[in-house]
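Some notes on the structure that comes next.
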Amino acid sequence: MTLEDPAGHLLSIQSYLLEEEKHHPEATGRLTWILSSITLASKYIAARCRMARLEDVLGSLDSENVQGEVQQKLDVIANETLLRALGKRAGLAIVASEENEEPIILHTSSDPERPYIALFDPLDGSSNIDVCGGVGTIFSILHHDRRANPTENAVMQPGTRQVAAGYVLYGPSTILVLTTGNGVQMFVLDPSIGTYLLVDRDVKIPQNSKSYSVNEAYANSFPEGYQKYLAWAHDNNYSSRYAGAMVADLHRILLKGGVFLYPPTQSSPKGKLRLMYEANPMAMIIEQAGGKSFCGTTRTMEVQPENVHDRVSVVIGSPDEVDRVQDYLE
Ligand code: AHG
Ligand code: MN
Ligand code: MN
């Protein structure tokens, strides 16, 4: 191990963010402050996940979220944790979450000190928690447009406007993958010191891999192009992996290659995944790693949102595999 090797040079996520700031003379430190509160929340969520079945965090509540989905106890715990960590941070004007019907306006004034918006899926793949499967947190950071009227309209920005995006995977270890538009960095939480340490700098997705990730049980209701791609993949010795949590599936694809699909289905004709806090942050990470992301035949990050909870179909992963799916869709 050498000091050139990221794992050979001990660097915490806080030090990494300070190092990044130095490359941006215009930086005010507010983005670093917001990202560090997300890391704090994620450590708390990781600790709760780890205590599943020892603490009362499993199972569903009687409530449903705005999408009409049953909320798991940990969905609510994770959401409250993120809101508690982010709610009072300087630099943040609006937060929006899968679990809240409306974006939460933290500041209505034209306060120049609050130029950012944070969107998140507090717990992705939450039903996996009951069976000790991988779950995650996904986040997206946008600039706040103070001219928006009403204020909540400031959230409706395409993914190309994201200034940072990331996810945390709560698996056998807790992994944080982050981009601030300057490549993709990977950190692992060292639980013995409570700190995320950099383990890989400028992560690149493999160009291709004979692997796809999709809930194939719905295949009969996929549009024809997807069915044809899957038939081609069957004939060409592809393997299939599906965790049921986008974070877990895409983390594997980021490291090993392949394509993740969530096509339109009979029950979700527009697709199931949410544009603003699932598809867009993942698209920014995968594109920054050299991959591609489309919803149908449109680049995911160019879709103009109309509602914070908009759903889209998703084709994302290694560039050659995404191109191949596109060929079948066109
Ligand atoms: P969430 O738990 O935030 O609602 O997200 C679950 C999502 C995503 O993580 C996963 O890829 C997909 O739903 C699984 O859906 P199916 O069960 O329909 O395959
Ligand atoms: Mn999700
Ligand atoms: Mn969720």
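As the structure is a computational prediction, the values presented were derived from the model and not from experiment. For ligands, and for the atoms within them, numbers begin at 1 and follow the listed sequence. When a residue number appears, it is its place in the shown sequence, counting from 1.
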May I ask you to list the atoms of ligand 1 that are less than 4.0 angstrom from any heavy atom of [X]?
X: Y218; result: 16 (P), 18 (O)
X: L123; result: 2 (O), 3 (O)
X: D121; result: 3 (O)
X: S126; result: 2 (O)
X: E278; result: 3 (O), 5 (O)

* Structure fact -> Candidates G244, S127, G125, G134; heavy atom nearest atom 10 (C) of ligand 1 found on G244
* Asked: Which option, F260, Y242, Y262, owns the non-hydrogen atom nearest atom 18 (O) of ligand 1?
  -> Y262
Between [X] and [Y], a side-chain donor and acceptor under 3.5 Å:
X: E20; Y: N182; result: yes
X: T195; Y: D190; result: no
X: H143; Y: Q162; result: no
X: S15; Y: S12; result: yes
X: S318; Y: D320; result: no

* Pick one of side chain, backbone, both or neither for how D124 approaches ligand 1, counting any non-hydrogen atom pair under 4.0 Å. => both
* To do: Could you see which bit of D249 sits under 4.0 Å from ligand 1, with heavy atoms only: side chain, backbone, both or neither?
  => neither
* Structure fact -> Residues at least two apart in sequence or cross-chain that pass ring pair (Phe, Tyr, Trp, His ring centres under 6.0 Å) with F260, listed by chain then number, are none
* Is any NZ, NE, NH1 or NH2 atom of the basic residue among E287 and R299 found under 4.0 Å from an Asp or Glu carboxylate oxygen of the other? -> yes
* Asked: Near the Mn ion (ligand 2), which protein N/O/S atoms are found at less than 2.8 Å?
  -> D121 OD2, D124 OD1, E278 OE2
* Asked: Which word best sums up how the rings of Y212 and Y238 line up, parallel for under 30°, tilted for 30 to 60°, or perpendicular for over 60°?
  -> parallel
What is the closest protein heavy atom to [atom], and at what distance does it sit?
atom: atom 4 (O) of ligand 1; answer: R274 NH2, 3.0 Å
atom: atom 13 (O) of ligand 1; answer: K272 NZ, 2.9 Å
atom: atom 7 (C) of ligand 1; answer: L273 CD2, 3.7 Å
atom: atom 11 (O) of ligand 1; answer: M246 N, 3.3 Å

Side-chain donor-acceptor pairs under 3.5 Å in residues 219-226, sequence neighbours left out?
residue, atom, partner, partner atom, Å
S221, OG, Y218, O, 3.2
S221, OG, Q266, N, 3.2
E224, OE2, K228, NZ, 3.1

* Output yes when a side-chain donor or acceptor of D310 lies under 3.5 Å from a complementary backbone atom of L275, and no otherwise. => no
* When you measure from the side chain of N215 to the backbone N and O of A217, does any donor-acceptor pair fall under 3.5 Å? -> yes
* Identify, with sequence neighbours excluded, every residue that meets side-chain contact (heavy atoms from CB on, under 4.5 Å) alongside T28. => R30
